Amino acid sequence: MIQEKDRIIRELNDEITKIKDIQELQNVKAKYTGKKGILTALMKNISSVEPENRKNYGMEVNSLKEEIENIINEKTEEIKKSEKEKQEMKNWVDVTADGAKKISGREHLIMKVMRESFEIFTNLGFTVVEGNEIEEPWFNFDALNTPKWHPARDMQDTFYIDEEHLLRTHTSAVQIRTMMKHQPPIAVVSSGRTYRKDEIDATHSAMFHQFEGLYIDKNVNVGHLKKFLEIYAQKMFGSNLKVLLRPSFFPFVEPGFEVDVSCISCGGKGCSVCKNTGWIEVLGAGLVHPNVLRNVGFDPEKWQGLAFGIGIERIAMLKYGISNMRELFKNDIRFIE
Amino acid sequence: MRISTEWLSDYIKTDLTSEKIVDKIKLHTTNVETVEKAGQNFKNIVVGKIEKITKHPDADKLVVCDVNIGKENVQIVTADLSVQEGHTVPVALDGAVLKDNFKIKNRKMRGIESQGMFCSLEEVEVEEKSEEVYKIKENVEPGTDFVEYFKIRDEIIEIEVFPNRPDLLSYTGVAKEFEVNGIGENYKLPEYTEVTAEEEFPVIIEDNNCKRYSAAIVKNIKIGKTPLWMVRRLATAGIRSINNIVDITNYVMLESGHPVHSFDLDKIGDRIVVKKGTKGEKVLLLDEKEYELNGEETLITNGKDFLAMGGIMGGELSGISDSTKNVLLEVAYFDPVNTRKSAKYHKISTDASYRFERGVDPEDAEFVMGRLIKLMTEIAGGECSNKMTDIYPEKIAKKEIPLSYKYLLSRAGTEIKKEEAEEIIKKFGFEYTNQEEGWIIKPDTKRPDLVQSVDMVEEITRIFGYDRIPAVLPSGTTFQGDGNNFFKFKNKISEIIRGNGYHEIVSYSFMNINNMWAEKSEIKLLNPLSAEYEYLRPLTVYGVLESVSYNYRNQNRDVKLFEIAHKFEKDENGYKEISTIAIAATGKENPYDYTDKRDVSYYTLKGITDSIFEEFNIKADYVRSERKGMLKSQTADIFVEDKCIGFLGLIDGEISDKYYSVKDNIYIAEIDAEKLFEYSKPMNKENKKIDFPAIKREYSFMVPIKSEYREIKEIFLKSGKIVESVNIFDIYKGKGIDTDKISITVTATFRAPDRTLTDDDVNKTEEKFLGKLNEMGIYFREK
């Protein structure tokens, strides 16, 4: 009996080593443990065994069965594992290879600064208005207290289309259009393209963008202007910034200011960005000139205003460390990305 | 205005360093452009007297000079043969430092020792360029420190002068301002000869653009060199010395801010007549150019002959020359606007016209004339009766500006003590009277910018100090901020396009008309920078294409860009500008995704426009279109409610190559954002009933190539209420398909709002649309 058993196991092991897939293994399994298999035959033989040995015989067959099943199960595991490995090899990726990126387009920095500026001021209660780029001289100059032969017209070299039309030199014309349409109180912001006949270089562009604010109410003073601009500068550049108003001249405001913020690069200690002054000039502003209010039919005894104009390119260049304005208009993808 | 601090010290005393001065100017007055230091390192330059000149034994072009420098004599070898015995000259001795840190040492010149060098004005930075060694005119002891004596060391502060502050175009004006803003004190005018108004020379004013004309005569002047102190001061202003008479007029202009003119008395005849020019008349000015008059100019004449263009430039024939003996001095006031018109018309800008345009002081004739006479008699040896003809038909009076204290505070936004405000008014030196509510102020005629109360508010608050005004939010009206719907709409569109991998750009609104291969602009600038920027673009996409080209030419073949900006048109109602969305793309659809090999196509671009329309609930139709420069096979106009609002498609390869040097397909789209905004409406979700399950079926059709999917979709949707949607699963054209056919596979979704559909329901509907499709020659594709 024992010898029989060893032979069966040996044969099984011989057969199994050649097997590569589950199907073949199933066949072998059937040959040994199936209904017509070797073990069934052995079990059937029990009737020919002497009764006193039958119990022993039965136990031996059972233990043989167990042994066979173990061998087959082991082999099953082995095959499954190797098949999975094959599958994995098939699916193998280089986990360090570049991802298949789907990139999102970038916002143009001018537009980004413009949108951020709008957000700051709409949160303060201002309403966005838009204006045209082709403007009439009266709106661009005369109504803004800059009559035809005023030397201040030299401050802005203007592109003309004809006698009656020009490309706006500032967004301030929107102030006039707004005031002619709406009665005070007014709080509006506007932004867009403006044009001046400047040769294109690192700090000038014949086309640039302005951001304009106008606030008209019964009691408006320099302190209010300072606060609005302080909020703007701090939201745009950082909460520690200080704002400095300095005397300047724009015909449509009085008093007029040039507005500096403490240097965003050195914080005011003095560096190359601020030319060691600790301050950077960022925008122009002032209280609306009574003549401007009169020009649109508002009574300057009753209404007062403040206005400011921000160079979007200037803000973008400071904020994103751009030293040459031309980069903003080249639209070079290497720069954009 | 360039301010020499050395020169300024004639009118005001200050102990402040230039850094402190700059700070105060910036806080209280104006911008400071530059601060230049002159001659700070100069040393060991002395005044020397040349006592003897001998020839150099070995060099014809050199001479050897024995020079007295006070305690001793030195030997200087020079190549400048203009020096003569008896000349007094600046001598840079051994160890001297000159311009650009140039150091002087004893050295041998062709074998002869030279113990230093004679200097020209260029070497001591007084002139830009000098021809020869400077000969000192003044009587100065040999050995005197040249730099000290002639005050060569200086600091020059250049300030920005706003158009409303002509007073700052003068030293006296600047000095007064500096006294007010706290830089210095003891402001005083320079000394001048007292003149009396008495007829000295006949003057007649016939043109009332000349408000005042004063004339005086200085006789027997000697034209000659100008003293070095004046040469140097003029040089700091960038004015080159001509001769003593011309230099004095320039000097007095810089001092007083009032441009003056000197005529050669012997060339001008017997009277001055100020009158308008005659149209067409030609005149010769000092710049040796001829100008044809427009008839509006104010001319200075002698009744017959032209002498000068008033306030702008003198005439060539009446001016000072080397032979001038007697001089007629003019101090006049010309109308700012008329001066500006004439100067602009003739494209002339002079120091004089610049000042008259901004407004000079009409009331300072006595001072200005007196100062001219003093300098001319002292420096040029002239003689004067100290009388001047003064024609001043209508006195230009000081303005009276009421300023209420309450108004001042309400504008300033801080508490300025009444006494402090009054102190500031006093500092300005303006006449004023106290009123119950405030003051009535009469500013000097030197300040034409001060007209109304608010002007005085600025003067007082800037001197008070803007830094002392606290920042406070207004407490008046509460405003409700509004982002403006159209602005938000455009931002949303930008977001959608960016989401598709397109970068937002900003390109110039103007361009070269030769690059407009489709629509051409009718809007031309009168004064463009160049032909490249001459016309306003009639299509925004032109700008985007330029940027595509720029990137492509810089080795970037995959470019996807867009811009939302105005395009410009002109029609019978005038100029129109329309906000448009412009998109252009070439190369890979997903350049950073190497697993996606697709190129940009008509369909990828249409995907973007479709998503925009869906976002804003707009029903748009695409209609095949023949557009100039575009390929009909892949181009469509976009219609909404029967109006064309834009287009989309493929540019003809010839155009892409010719205009943009792009050899790949470029797809473009341009859509009118304003019309789009008009048609947009909020999504209505009421009919979106998704309570019951849907049945989806897939159909593969063979479609004749000229049929349009639009029609197929329509047939599906109209064949029954249960057709919820039809979507393309695949479009195929090519191998295995006849060239006049295209294979389209669609997925149709069927759903009823009120029950679960059965296959039977769907079959009935299916029959309907299949029948209709068959009529169009559309059949199932055989597998």
Side-chain angles (χ1 to χ4, degrees), chain A residues 100-108 110-111 115 118 122-130 132-134 149 151-152 155 159-162 165 185 187 193 197 199 206-207 217-224 226-227 230 244-247 249 254-255 257-258 287 290 328-333 336, chain B residues 26-30 162-164 337 340-341 357-358 410-414 454-455 458 461-462 466 469-474 476-477 479-484 487 491 498-499 501-509 523 525-527 529 533 547 550-551 556 559 566 575 577 590 592-595:
Chain A
K101 260 194 292 183
K102 184 164 182 176
I103 63 147
S104 214
R106 303 274 178 169
E107 241 179 319
H108 194 282
I110 288 175
M111 301 304 289
R115 290 177 184 124
F118 273 128
T122 50
N123 286 343
L124 284 167
F126 285 75
T127 292
V128 177
V129 294
E130 294 191 90
N132 278 346
E133 291 160 36
I134 297 178
W149 295 104
M155 292 167 93
F159 287 118
Y160 282 89
I161 295 167
D162 56 39
H165 296 90
R193 295 175 181 220
K197 201 182 165 187
E199 289 296 333
M207 182 187 98
D217 202 356
K218 285 195 171 138
N219 181 11
V220 181
N221 62 46
V222 178
H224 301 150
K226 206 169 179 180
K227 188 65 186 179
E230 195 175 275
L244 178 72
L245 301 185
R246 290 190 293 106
F249 170 75
E254 185 81 0
F257 309 103
E258 209 133 90
L287 299 185
L328 289 170
F329 297 101
K330 269 193 206 155
N331 300 310
D332 190 323
I333 291 185
I336 294 173
Chain B
K26 284 164 104 176
L27 275 178
H28 299 290
T29 303
T30 183
F162 303 124
N164 66 332
V337 169
R340 185 169 163 79
K341 280 182 181 170
E357 282 174 16
R358 283 157 177 74
S410 85
R411 308 266 55 206
T414 190
V454 73
D455 298 322
E458 178 172 54
T461 45
R462 75 182 170 86
Y466 295 142
I469 298 175
V472 192
L473 271 181
T477 308
F479 291 94
Q480 296 182 329
D482 178 9
N484 173 318
F487 175 72
N491 284 347
R498 275 185 277 131
Y502 284 71
H503 296 302
E504 185 177 45
I505 65 155
V506 172
S507 66
Y508 288 121
S509 309
I523 309 176
L525 299 182
L526 286 179
N527 54 339
L529 273 185
Y533 309 102
S547 297
Y550 174 84
N551 281 290
N556 200 336
V559 194
H566 288 187
Y575 298 106
E577 45 194 293
N590 280 313
Y592 290 88
D593 181 353
Y594 51 88
T595 68

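Keep in mind that what you see is a predicted model, and the values were worked out from it rather than measured. Every chain is numbered from 1 and lettered A, B, ... according to where its sequence line falls, protein lines coming before strand lines.
- Residue B:Ser507 touches chain A through both its backbone and its side chain, counting heavy-atom pairs closer than 4.5 Å.
- B:Asp482 contributes no side-chain N or O that, together with a main-chain N or O of A:Thr122, makes up a donor-acceptor pair within less than 3.5 Å.
- A:Asn132 places no side-chain N or O within donor-acceptor distance of the main-chain N or O of B:Glu577, the cut-off being under 3.5 Å.
- Of all non-hydrogen atoms in B:Tyr575 and A:His165, the two that sit nearest each other are CE1-ND1, 3.3 Å.
- If you measure heavy-atom distances from B:Pro474 to chain A, the contacts under 4.5 Å come from both the backbone and the side chain.
- No donor-acceptor distance shorter than 3.5 angstrom exists from the side chain of A:His108 to the backbone of B:Glu504, with no hydrogens or angles considered.
- For B:Tyr508, the parts sitting under 4.5 Å from any heavy atom of chain A are the backbone and the side chain alike.
- For B:Arg462 and A:Glu258, the salt-bridge test fails: no basic side-chain N is under 4.0 Å from an acidic carboxylate O.
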query = Does the side chain to side chain contact (heavy atoms under 4.5 Å, CB included) test come out yes or no for A:Val222 and B:Glu458, once each step is laid out?
reply = CA-CA 10 Å; A:Val222 178; B:Glu458 178 172 54; over 6 Å; no

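- With a threshold of 4.5 angstrom between heavy atoms, B:Asn551 approaches chain A through side-chain atoms but not through N, CA, C or O.
- Contacts with chain A were tallied for B:Leu27, B:Thr595, B:Thr414, B:Ile523; B:Leu27 has the most, counting heavy-atom pairs under 4.5 Å.
- Of the listed residues (B:Val506, B:Val454, B:Leu473), the greatest number of heavy-atom pairs within a distance under 4.5 Å of chain A belongs to B:Val506.
- Interface remark: of the candidates A:Lys226, A:Lys102, A:Lys218, A:Lys226 forms the most heavy-atom pairs closer than 4.5 Å to chain B.
- Here the straight-line distance linking atom CZ of A:Phe159 with atom CG of B:Leu529 works out to 4.0 Å at 0.5 Å rounding.
- Taking every heavy atom of both residues into account, A:Ser104 and B:Gly499 meet most closely at OG-CA, 4.0 Å.
- Between chain B and the residues A:Asp162, A:Leu244, A:Leu328, A:Val129, the most heavy-atom pairs under 4.5 angstrom are made by A:Asp162.
- Heavy-atom pairs under 4.5 Å with chain A were tallied for B:Arg358, B:His566, B:Arg411; the largest tally goes to B:Arg411.
- With a threshold of 4.5 angstrom between heavy atoms, A:Ile161 approaches chain B through its backbone and through its side chain.
- Contact between B:Phe479 and A:Gly125 at its shortest, heavy atoms only, is CB-O, 3.1 Å.
- Between chain B and the residues A:Thr127, A:Asn331, A:Asn219, A:Asp332, the largest count of heavy-atom pairs under 4.5 Å involves A:Asn331.
- Atom-to-atom distance recorded for B:Thr461:OG1 and A:Leu287:CG is 8.5 Å, nearest 0.5 angstrom.
- The distance from atom CG of B:Asn527 to atom OH of A:Tyr160, rounded to the nearest 0.5 Å, is 8.5 Å.
- In this structure, chain B has heavy atoms under 4.5 Å from both the backbone and the side chain of A:Glu254.
- Distance CZ/A:Arg246 to OH/B:Tyr466: 11.5 Å, rounded to 0.5 Å.
- Of all the heavy atoms in B:Ser410 and A:Asn221, the pair that sits closest is O-CB, 3.1 Å.
- Both the backbone and the side chain of B:Ser509 have a heavy atom closer than 4.5 Å to some heavy atom of chain A.
- Interface remark: B:Ile469 contributes backbone and side-chain atoms alike to the contact with chain A (heavy atom separation under 4.5 Å).
- Each of A:Glu199, A:Glu130, A:Met111 has some count of heavy-atom pairs under 4.5 Å with chain B, and the biggest count is that of A:Glu130.
- Looking at A:Phe118, the atoms closer than 4.5 Å to chain B (heavy atoms on both sides) all sit in the side chain, from C-beta outward.
- Counting heavy-atom pairs closer than 4.5 Å to chain B, the top residue among A:Val128, A:Ile103, A:Ile110 is A:Val128.
- For B:Asn556, the part sitting under 4.5 Å from any heavy atom of chain A is the side chain, from C-beta outward, and nothing else.
- Comparing A:Asn123, A:Asp217, A:Ile134, A:Leu245 by how many heavy-atom pairs each has under 4.5 Å with chain B, the most go to A:Ile134.
- Using a 4.5 Å cut-off between heavy atoms, B:Phe487 touches chain A through backbone and side chain atoms alike.
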